[in-house]
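Below: one structure, written as structure tokens.
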Amino acid sequence: MSDEFTLKVWRGDKSGGQEVEYHVPAETGMVVLDALHHIQHNQAPDLAVRWNCKAAHCGSCGAEVNGQPKLLCKTRMDDYAGETVSVRPMQTFPVIKDLVTDVSWNYQVAKEIPLLEPTSPAPFKMQQIDADRVQEFHRCIECFLCQDTCHVLRNHEGQQKYFGPRFMAKIAEFEMHPMDGEDRIPLLAHQAGLNMCNVTKCCTEVCPQHIRITDNAIIPLKERVADRYYDPIKILLRRLGGKKGEPGKANTPVAN
Amino acid sequence: MAHETYETHEYDIIVIGAGGSGLRAAVEASQVPGLKVAVITKSLLGKAHTVMAEGGVAASFGNLDAPDGWETHFYDTMRSGHFINNYRMAEIFAKEAPDRVLELESWGAVFDRTQEGRIMQRPFGAHSFRRLCHIGDHTGLELIRTMQYKAIHSGIDVFQEVTMTKLLVHNGRVAGAFGYFREDGRFVLFRARAVVLATGGWGKIFKVTSNSWESTGDGAALAFRAGANLMDMEMVQFHPTGMVWPPGVRGILVTEGVRGEGGLLYNSEGERFMQKYDPERMELSSRDVVARSIFKEAQAGRGTPHGGAWLDISHKGPEYVKAKLPGMYEQFLTLADLDITKERFEVAPTCHYTMGGLRVDPETCATNLPGLFAAGEVACGLHGANRLGGNSLSDLLVFGRRAGMGASEYVNGGDGFAPIDDSELQQEMDRVLEPFHREDGVNPYHVHERLQEIMTNHAGIMRSGPVLEEGLNKLLELKEEARNMGINGSRIYNPGWHAVFDVENMILLCEGIIRSALERKESRGAHWRTDFPDELPEWQKINFVESYDEGKIRIRTEPVNEMPENLAKLFTYGKAPGLAKQAGGKES
Ligand SMILES: Cc1cc2nc3c(=O)[nH]c(=O)nc-3n(C[C@H](O)[C@H](O)[C@H](O)COP(=O)(O)OP(=O)(O)OC[C@H]3O[C@@H](n4cnc5c(N)ncnc54)[C@H](O)[C@@H]3O)c2cc1C
Ligand code: SF4
Ligand code: SF4
Ligand code: FES
């Protein structure tokens, strides 16, 4: 192994920019964020990159490494042995500077999602098996790499029509919560734009938390929307009783 | 210098900090009709240090161990704090923690469950019972995400990536805070009738640390300069188990949950060395004891290849480990090429938590500065000389809420906005922009590295008078040099520039730590002095309190409040109250 890594880091801001080449001494187990910090501390103190935990817990450091959406703190330099490593900001969001993008749109969307509406006060009686179904979504670190990847969101227009995979997982988290009494199906069918998703699964592939966004959130939610709006028998049943028109809010998560 | 401008926002209450405590304070304040509340954070919402907490949140539900209750939680907290804690804080804390956790549950947090469908609780160091509510090993993520969504649905305005550099005081009363947007460096004034500080700790003063870049003690430093008192600054917690290898991960936390779930510690000779230091509690002894034991073993030549101890959880089997510690499994696999379900791994102490901080009133979290409140890691009093694992997250909730209430009451009973002195703001803007104008300025990152080196060598896990003195001298030299920190580039998202203020804040607090450490001539909890190796009864009666006066740190002692009889009685059974009750119950 050579004792030096070569990186090409996109440097610039709203007005434009270009890749700048840097050389960093190699260290065992180094991640891309370590290399960027080395550059920052010794060559370019104003190099902008977000990070907090350096342990893949906080989701601050999403960027594109050799074209792939990645967490910088979880991506090893030796995965690219012998290659020049190119690091660029996420493409879906407007750039602020260098690797830092304006992700505020996501925080706007978050406000649109109704919170859990418990059907009875805590403490809840809830079995682990029911918890398992939603806990997967609770692993989300809001890195927005799935949002970055989703082709629907790649342009501004798409962002007006679809909340994106991160927020489908968030809605699923509440919808599938055994104690929830809120109804988010109309939101999904309209404003949240669930129908914009054509189940390419690209989001799931890039999720650093291995959340099966498409199989376990998006598809079951699509089924719920279909049941509500297109299934005549369910519609009839709902008119006759059940609040959400889904007995017991059952759903079928996909096991591996 | 050119005349700079700033934008102005007005709120009844501003909360600086969007970790667990800040968000909980803001949510509480927002419940009061008519109050305008804002949260300000120097990173993005949901990314604060709290997100990294792993092991759990301590609350004495007794879901698995029925004899648990607030008395035992109180007892464990005081004992682990070596009795210099504020007993009233510990009492309030132990009594209120369960309600705060249930609140989280009703706001959407989904904790792991027991067989009976209740919240699951795991054992942790020096807790008498299984007490830590958790969701796998990402409890902090659960807490912050739940609070974050609750906050954005509570009518609170959130200012992200804004750094506060100055707390404004008028006639002894808080008037607001001043700072800049990291995005483009533009200045911003927040006028407020009350300010809640929830800015977290200062673990970044050490190189080997589990803390995020944000833990630079800004809030404590800003408040200290503005006239608030700091207490117990000598008390810095080293977590026994940080990652050791490879070099880039050094310091990253290995949750105590690994030992809670049955992980065992060995030295290089294959000996379970905790037998020597705490035969009763073994691996689940308190953090100060385990950290010191690992340190001593390594010093005695029984360390692992990179100077730590072995931790082994592989005997629990892959299925169990992956279910209960999924984050740890993944962390080692991706960062260290190591499968913890199959192999043991190296661990060593890492700086983790700062027990010291702003001195507050237990009921309202008010500091000595009217209008200024503090909660979470930046505040001081609950944890004494050593914090129990899991007690921070419940601290955030209990005292976050109380700070929110304290601030709302203050605002409701108080006056309008205090006046702002424009010339003071002009001066502050000049000061903040000065690093751009210094030719041949010192690199702030390098100053930070040297600060960390000084603290590690002179005020770390093992201390002594002469070594601390030498450290203080080096620190004061560094402080001079740091006056000349300079940077290049623009004001747009410039981390080098931002680092200048982080470093200034840390230098101030480090001086406070060393001075306080010199004063405490004994060993207690996290504070270990080789020249005074024993814990001495007379020092149990005092806290060291620091104030800042014309550029100088003044230090004084304050008596530790004495417990009333009903609480003091809890320490007379020869064991934890819950265990005594249990034993008593069996006998009768
Ligand atoms: C790896 C790790 C694991 C842990 N695990 C546990 C655990 O299992 N159980 C437990 O109880 N405790 C645990 N802890 C401790 C606990 O997580 C922290 O003590 C706690 O989260 C601190 O919360 P806080 O609300 O005080 O502040 P933080 O979460 O630190 O947040 C500070 C906030 O203040 C803001 N801020 C700071 N300075 C400024 C400024 N100048 N201007 C504007 N905003 C500013 C920051 O942006 C941030 O939003 C752990 C700690 C670490 C590091
Ligand atoms: S599966 Fe749907 S949400 Fe995911 S990337 Fe494809 S279109 Fe976007
Ligand atoms: S779902 Fe996965 S990829 Fe998307 S924001 Fe969450 S953690 Fe990131
Ligand atoms: S820095 Fe937290 S996820 Fe990378």
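Sequence lines set the chain letters: A, B, ... in the order given, protein chains first and strands last, and positions in each chain run from 1.
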Under 4.5 Å from any heavy atom of chain A - which part of B:Trp213
both

Taking atom types as modelled, is there a side-chain donor on B:His134 or B:Lys324 under 3.5 Å from an acceptor on the other?
yes

Side chain from CB out, backbone as N, CA, C, O: work out which of these in A:Ala110 comes under 4.5 Å of a heavy atom of chain B, or both, or neither.
both

Between B:Glu330 and A:His210, does any side-chain donor sit less than 3.5 Å from a side-chain acceptor?
yes

At a 4.5 Å cut-off on heavy atoms, which part of B:Leu141 comes close to chain A: side chain, backbone, both, or neither?
side chain

In terms of heavy-atom pairs under 4.5 Å, which option from B:Glu449, B:Glu54, B:His153 contacts chain A the most?
B:His153

Does a donor on one side chain and an acceptor on the other come within less than 3.5 Å for A:Glu4 and A:His23?
yes

Those residues that, when tested against B:Arg122, pass salt bridge (Lys or Arg N to Asp or Glu O under 4.0 Å) (two or more places apart)
B:Glu261

Turns out that what part of A:Pro118 lies under 4.5 Å from chain B's heavy atoms comes down to side chain

Closest-packed option against chain B by number of heavy-atom pairs under 4.5 Å, given A:Gln209, A:Arg76, A:Lys54, A:Lys74:
A:Arg76

So which of A:Cys73, A:Ala44, A:Gly59 has the biggest tally of heavy-atom pairs under 4.5 Å with chain B?
A:Gly59

Contacting moiety of A:Asp13, where chain B heavy atoms sit under 4.5 Å:
side chain

Measure from the side-chain N and O atoms of A:Gln159 to the backbone N and O of A:Leu153, and report whether any donor-acceptor pair falls under 3.5 Å.
yes

In plain terms, say whether B:Glu453 and B:Arg450 are close enough for a salt bridge, that is, a side-chain N and a carboxylate O under 4.0 Å apart.
no

Examine whether an atom of A:Glu117 lies under 4.5 Å from a heavy atom of chain B, and if so say whether it belongs to the side chain, the backbone or both; otherwise answer neither.
neither

Tell me, side chain or backbone of A:Met126 under 4.5 Å from chain B's heavy atoms, or both, or neither?
both

Contact leader toward chain B among A:Ala56, A:Ser104, A:Cys140, A:Pro121, where contacts are heavy-atom pairs under 4.5 Å
A:Cys140

Do B:Leu44 and A:Tyr107 have side-chain heavy atoms sitting under 4.5 Å apart?
yes

By a 4.5 Å heavy-atom criterion (distance strictly below it), what part of B:Asp184 contacts chain A: side chain, backbone, both, or neither?
neither

Select, from B:Leu253, B:Val249, B:Thr334, the one with the greatest count of heavy-atom pairs under 4.5 Å involving chain A.
B:Thr334

Establish, from distance only, whether the side-chain atoms of B:Thr163 and B:Arg182 form a donor-acceptor pair under 3.5 Å.
yes

Side chain, backbone, both or neither: which part of A:Ile141 has an atom under 4.5 Å from a heavy atom of chain B?
both

Does A:Lys170 qualify as a cation-pi partner of B:Tyr149, given the criterion of NZ or CZ under 6.0 Å from the six-membered ring centre and within 45 degrees of its axis?
yes

Please state whether the side chain, the backbone, both or neither of B:Ala499 comes within less than 4.5 Å of a heavy atom of chain A.
neither

Under 4.5 Å from any heavy atom of chain A, what part of B:Leu102 do you find: side chain, backbone, both or neither?
both

Any idea which of B:Arg118, B:Glu214, B:His498, B:Gln160 has the most non-hydrogen atom pairs under 4.5 angstrom with chain A?
B:Gln160

Just give me the residue among B:Asn494, B:Ile487, B:Val51, B:Ile119 that pairs up with chain A most often, heavy atom to heavy atom, under 4.5 Å.
B:Asn494

Below 4.5 Å from any heavy atom of chain A, which atoms of B:Glu183 appear? Answer side chain, backbone, both or neither.
both

Which answer fits B:Lys204, side chain, backbone, both or neither, if we ask what part of it has an atom under 4.5 Å from a heavy atom of chain A?
side chain

Looking just at side-chain N and O atoms, do B:Thr350 and B:His239 make a donor-acceptor pair shorter than 3.5 Å?
no

Is A:Thr92 reaching over with its side chain to a backbone N or O of A:Asp148, donor-acceptor style, under 3.5 angstrom?
yes

Chain A: which of B:His446, B:His448, B:Met243, B:Gln331 shares the most heavy-atom pairs with it under 4.5 Å?
B:His446

Kindly confirm or rule out a cation-pi arrangement of A:Lys14 over B:Tyr493, judged by NZ or CZ under 6.0 Å from the six-membered ring centre and within 45° of its axis?
no

Going by atom types alone, do B:His138 and B:Glu142 pair a side-chain donor with an acceptor below 3.5 Å?
no

Do you see a donor-acceptor pair shorter than 3.5 Å between the side chains of A:Asn106 and A:Glu142?
no

Donor + acceptor pair across side chains of A:Asp130, A:His177 (<3.5 Å)
no

Among the listed options A:His138, A:Met30, A:Gln40, the residue most often paired with chain B at heavy-atom distances under 4.5 Å
A:His138

Sort A:Leu33 into side chain, backbone, both or neither according to what part of it lies under 4.5 angstrom from a heavy atom of chain B.
neither

Quick one: what part of A:Lys97 sits under 4.5 Å from any heavy atom of chain B, side chain, backbone, both or neither?
side chain

For the candidates A:His57, A:Gln135, A:Lys111, which exhibits the highest count of non-hydrogen atom pairs separated by less than 4.5 Å from chain B?
A:Gln135

Do the ring planes of A:Phe144 and A:Phe93 sit parallel (below 30°), tilted (30 to 60°) or perpendicular (above 60°)?
perpendicular

Where on B:Phe61 is there a heavy atom nearer than 4.5 Å to chain A: the side chain, the backbone, both, or neither?
neither

Side chain, backbone, both or neither: which part of B:Asp112 has an atom under 4.5 Å from a heavy atom of chain A?
both

Close side-chain approach of B:Glu105 to B:Thr146, heavy-atom, < 4.5 Å
no

Assert top hit (heavy-atom pairs under 4.5 Å, partner chain B, pool A:Arg139, A:Met179, A:His37) equals A:Arg139

Looking at B:Pro495, B:Gly489, B:Pro444, B:Gly327, which one has more heavy-atom pairs under 4.5 Å with chain A than the rest?
B:Pro495

